[in-house]
There are 2 protein chains.
Amino acid sequence: MWKGESVDTTGEQTRSEAEQVAGTQTITRALAVLGVLRDAEDDVGVTELARALGLHTSTTHRILRALASARYVVQNSQTERYRLGREALLLGRAASRALGFDAALPLLEQLAETTGESVNLSVRDNDDAVVVLRVESAHPLRFIQPVGTRIPLYCTSTGKALLAFGADLYAELAKLGELARLTPDTLTSPRELLADLEQTRERGYSVNYGERIPGVCGVAAPVPGEVGLAMGAVAVQGPEVRMPGERIPELGRLVMQTATAVTATIPSGYWI
Amino acid sequence: MWKGESVDTTGEQTRSEAEQVAGTQTITRALAVLGVLRDAEDDVGVTELARALGLHTSTTHRILRALASARYVVQNSQTERYRLGREALLLGRAASRALGFDAALPLLEQLAETTGESVNLSVRDNDDAVVVLRVESAHPLRFIQPVGTRIPLYCTSTGKALLAFGADLYAELAKLGELARLTPDTLTSPRELLADLEQTRERGYSVNYGERIPGVCGVAAPVPGEVGLAMGAVAVQGPEVRMPGERIPELGRLVMQTATAVTATIPSGYWI
DNA sequence: AAATCCTATTCCACTTTATGGAATGCGCTT
DNA sequence: AAGCGCATTCCATAAAGTGGAATAGGATTT
């Protein structure tokens, strides 16, 4: 039944995620359902959800009912489709407090005020970084990156800070694969990137000058964890016009200062 | 085994919650674990968690491993205890967006600025209300109520708005039980409360003048849902000194206006 | 310093629980 | 009017989670 000799279209891409943890299939599936809902732009139907995860509609429906009865998801009474619910919201608030992000926010706010630019805190997530906390610049022209945004490692200040101050730099570089050219300034050769990362290590902060999005710059510093490796990164981002070359060292200094301060707000013994 | 002839201390209080949804025991248990972690002040150990839920440590541990491998919880490397993790945070952000709270926030912010007082949006949750969105007053002396706070129905502006504009007023009143006297101004008789609620219905907004906490006042209006009943309430809260009697009608008008505007931001077809 | 207690964690036979094939009913399109 | 796609329900099957028991480590007590 599980091998699925009758079903041929689905049940192939799911394997890699689902087989991570043995003995807890149901929970893993439920969390996968929440994950799809999290990334969905709009409401999702049972069939659509089942297809995305390679599950049966029957199974998916049962999972959704469990989640709905706990109010982690809500069902649209008209379309019968689902989206995240109230309890998911409250869980997030509690997590923000538990992980010390509530305490880190004022530090980011101060950095945003001092520099006048958007500030965010990101952490590593598999092959990307993901924004977990942010403060927006007050300028009409500002850089926006909502919480939850996934950003590539090789062409962003945040990503380069995580790489440069993470474990196993060379292994990481080998894993990156092709460095797609996103702008004329993107570092597309491993050699160039390595040189940039070594410079980042020396300086203590990373710089991105339009390598991912033309006209957008960033300066980032690692948030040191228990063993000294980066467990996250604080970045200041804004348009090139407001971040001329001569301003970078000062921004670097400020970002490093904030990143170090953020460490103290994050409960020790954890690796977010 | 499930009846537990050997185990006698646990497994009694759990029944009521766990038996709600049939066919999804595992998920319900996992969500219950998340719920305990959500409400916990500090990190929680496996045994403690198991005891709180009437589960076996073995089961609890397996659930935690599943949640941890999806990063919904993290384990302290030193104490081996657990707390909420990064994915819980991101889920909350997505839920906030999906439920339209991101859109409602600016409306509350404007009300907070206009009135100078703390503002929150709350929804009904079983026998209480729960704060889902809030904006704090800028005053040094301000009323603070973090998101997730549970507040009683009978002695708060929010709660009275939910009661007065909810379904089945008389059934609700009967369910309330004893109206504990929290302050000299608490309405402790059903008769008084009913009169207040009827007045609330006529006015369109509810008023709490130190009925729960001495010196703290609130004015709240219902957020009308699809069928006209309150699906939530917007409240302005502050110290008595800044909210004299003659200011109440104006506050009521503003709160009603905001509450109505909030309705438009919440996706239709849902009942948060 | 040994003993005791209380942890988190692992293992594995058992059986409860989730599974998914099939069927239903509804609404929309062909 | 038939056909499709959807959410939903049912139920025999077996796979998955369960929990008793055992292990190992740390902290506190004797």
Side-chain angles (χ1 to χ4, degrees), chain A residues 1-11 14-15 18-33 37 42-69 73-83 269, chain B residues 1-11 14-15 18-33 37 42-69 73-83 269:
Chain A
M1 181 186 294
W2 175 239
K3 291 289 281 180
E5 53 280 301
S6 59
V7 182
D8 50 347
T9 50
T10 56
T14 325
R15 214 49 45 92
E19 247 170 355
Q20 301 280 13
V21 187
T24 47
Q25 192 194 68
T26 314
I27 295 173
T28 306
R29 286 179 174 181
L31 297 180
V33 166
L37 289 171
D42 205 355
D43 299 2
V44 187
V46 174
T47 309
E48 193 178 340
L49 214 34
R51 254 200 299 268
L53 296 167
L55 299 176
H56 259 256
T57 53
S58 178
T59 303
T60 310
H61 182 253
R62 199 169 347 96
I63 290 170
L64 282 167
R65 290 251 304 193
L67 293 172
S69 81
V73 304
V74 278
Q75 186 178 26
N76 188 313
S77 51
Q78 287 143 31
T79 64
E80 296 182 312
R81 308 177 121 238
Y82 296 84
R83 71 171 61 183
Chain B
M1 182 187 294
W2 177 239
K3 291 289 282 181
E5 52 279 300
S6 59
V7 183
D8 49 348
T9 50
T10 56
T14 325
R15 213 50 44 91
E19 248 171 354
Q20 300 280 11
V21 187
T24 48
Q25 192 194 65
T26 314
I27 295 173
T28 306
R29 287 180 174 181
L31 296 180
V33 167
L37 287 171
D42 205 356
D43 300 2
V44 187
V46 174
T47 309
E48 193 179 339
L49 215 33
R51 254 200 299 267
L53 296 166
L55 299 176
H56 262 257
T57 54
S58 179
T59 303
T60 310
H61 183 253
R62 199 172 345 97
I63 290 171
L64 283 168
R65 290 252 302 194
L67 293 172
S69 80
V73 304
V74 279
Q75 186 178 25
N76 187 313
S77 50
Q78 287 143 32
T79 63
E80 296 181 310
R81 308 177 121 237
Y82 295 84
R83 72 171 62 184

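Source: prediction; values computed, not measured.
As rounded to whole Å, 15 Å separates atom C1' of C:dT17 from atom CG of B:L55. Distance CD (A:Q25) to P (D:dG17): 6 Å, rounded to an integer number of Å. Distance, B:I63 CD1 to D:dA16 P: 17 Å, rounded to whole Å. Rounded to an integer number of Å, the gap from B:Q78 CD to D:dG25 P is 18 Å. Atom pair A:H56:NE2 and C:dA22:P shows a separation of 9 Å (rounding to whole Å applied). Taking atom CG of residue A:L53 and atom P of nucleotide C:dT19, one finds them 12 Å apart after rounding to whole Å.
Distance check, rounded to the nearest 0.5 Å: OH of B:Y82 to NE2 of B:H61 gives 4.0 Å. A:I63 contributes atom CD1, which lies 8.0 Å from atom CG of A:L53 (distance to the nearest 0.5 angstrom).
A pairwise comparison of heavy atoms in A:T60 and A:V46 identifies CG2-O, 4.0 Å as the closest pair. Nearest heavy-atom pair, A:L67 versus B:L31, reported as atom, atom and distance to 0.1 Å: CD2-CD1, 3.9 Å.
Between A:T26 and the phosphate of C:dA18, there is no side-chain N or O to OP1/OP2 separation shorter than 4.0 Å. Residue B:R29 places none of its side-chain N or O atoms closer than 4.0 Å to OP1 or OP2 of D:dG17.
Under the 4.5 Å side-chain criterion, counting only non-hydrogen atoms from C-beta, A:R83 is in contact with A:D42. Counting only heavy atoms from C-beta outward, the side chains of B:T59 and B:R29 approach each other to under 4.5 Å.
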Show each protein N/O and nucleotides 6-10 of chain C N/O combination with a separation under 3.5 Å, one pair to a line.
from  : atom 1 : to    : atom 2 : distance (Å)
C:dT7 : OP1    : B:R51 : NH2    : 3.4
C:dA8 : OP1    : B:V46 : N      : 2.7
C:dA8 : OP2    : B:T47 : N      : 2.7
C:dA8 : OP2    : B:T47 : OG1    : 2.2
C:dT9 : OP1    : B:Q75 : OE1    : 3.4
C:dT9 : OP1    : B:Q75 : NE2    : 2.6
C:dT9 : OP2    : B:H61 : NE2    : 3.0
C:dT9 : OP2    : B:Q75 : NE2    : 3.2
C:dT9 : OP2    : B:Y82 : OH     : 2.8
C:dT9 : O5'    : B:H61 : NE2    : 3.0

